[in-house]
Amino acid sequence: MSNTDSSVSIIVPTLNEVENIAPLVSQIIASAVPFREILFVDNNSTDASRDMIRVLAASHPIRLIERDHAELGLAAAIMAGALAAQGEVLLVMDADLSHPPERIKDLLAPLFAGTADMVIGSRYVTGGSTPGWPLWRLLLSRTGSALAYPLTGVHDSMSGFFAIARSRLLELAPPTSGFKIVFETIVHGGRALRVHEIPIAFHDRARGKSKMSLGIALKFFLRWLFAVFRGVIHPPYRAPEVAKSAVSDVSIE
């Protein structure tokens with residue numbers, strides 16, 4: 001796997017994120033991350049998100065994938081981006097600036113070094129944090145991750161900030177879009193998939209309207225529990241032993 005600017009596709013699902021798109025692109029570029037393209041996968045935004053992406057695409061290596069009539073949802077958007085990506089390595093992150101672009105290099109480094117097959121930006125390893133989260137959101141998220149730990153061996157399988165070889169994701173992701181791509185990929189990959197977690201600070205959005213509420217979080221949590229218990233009853237390929245994931249000591253910059 002070559003560490004070149006043509007090897008990395010950054011996948012960013014979007015839904016009404018017009019205020020965050022330009023700052024995100026600026027921060028990615030400022031971080032000096034080597035990448036081939038930024039793929040914005042838009043799930044039927046009703047604001048000017050697509051117009052903003054098209055404007056930025058005139059001067060940056062950016063592509064827009066419009067998903068008006070396809071299966072919507074975050075997992076489906078990520079897989080659509082993976083299928084369309086031109087890079088051999090995928091870096092997936094949110095559009096709302098909750099994931100720190102300055103940590104992208106740290107997610108990519110183990111892949112290029114050949115010491116990991118998947119690297120997760122984790123809120124729940126030493127050094128990770130969720131500043132400003134209300135207690136209910138933290139409890140639901142931590143409980144869901146803890147319940148999934150026996151199946152995954154990682155502390156934050158609900159993370160949406162991760163890096164993986166494109167061929168590996170397309171090989172291991174479920175035939176349908178799945179529910180949580182990181183969780184599904186780790187469970188399908190079994191012990192052969194070397195997973196590393198690096199700590200990140202996950203910040204709530206500063207611009208735009210949040211799509212998270214207590215009601216949505218509870219609905220999400222119930223779906224997550226169903227996915228976890230389905231994995232317990234019908235584990236696809238994973239052996240009974242818990243896979244061990246290496247936790248990097250890289251500090252947050």
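None of the values given here were measured: they were computed from a predicted structure. We number each residue from 1, following the sequence as shown.
Judged by distance alone, with hydrogens and angles left aside, the side-chain atoms of R103 form a donor-acceptor pair with the main-chain N or O of P199 at under 3.5 Å. With hydrogens and angles ignored, the 3.5 Å screen pairs no side-chain donor or acceptor of S129 with any backbone N or O of A201. Using a distance-only test at 3.5 Å, with no hydrogens or angles considered, no donor-acceptor pair links the side chain of N20 to the main chain of L97. Between the side chain of D117 and the main chain of R194, a donor-acceptor pair closer than 3.5 Å is present. Side chain of T143 to main chain of L140: no donor-acceptor pair is present (N/O by atom type, distance under 3.5 Å, no hydrogens or angles).
Under the rule for a side-chain hydrogen bond (donor to acceptor under 3.5 Å, both in side chains), the partners of R63 that lie at least two apart in sequence or sit in another chain are E37. Evaluation of the salt bridge (Lys or Arg N to Asp or Glu O under 4.0 Å) rule for D94 yields no partner, not counting sequence neighbours. Taking the salt bridge (Lys or Arg N to Asp or Glu O under 4.0 Å) definition, one finds that R166 meets it with nothing, sequence neighbours left out. D47 is linked by a side chain to side chain contact (heavy atoms under 4.5 Å, CB included) to N16, V18, S45, S49, counting only residues two or more places apart in sequence or in another chain. Taking S122 as the reference, E197 meet the side-chain hydrogen bond (donor to acceptor under 3.5 Å, both in side chains) condition, with sequence neighbours excluded.
Applying the 4.5 Å side-chain rule to ILVMFWY residues, one finds that V55 remains a lone member of its cluster.
Considering only heavy atoms from C-beta on, M52 stays 4.5 Å or farther from E17 through its side chain.
Classified by interplanar angle (parallel below 30°, tilted 30° to 60°, perpendicular above 60°), the ring pair F161/H99 is parallel.
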Take T185 and F162 through the side-chain contact (heavy atoms from CB on, under 4.5 Å) test and state the conclusion after the steps. CA-CA 11 Å; T185 300; F162 66 95; over 6 Å; no

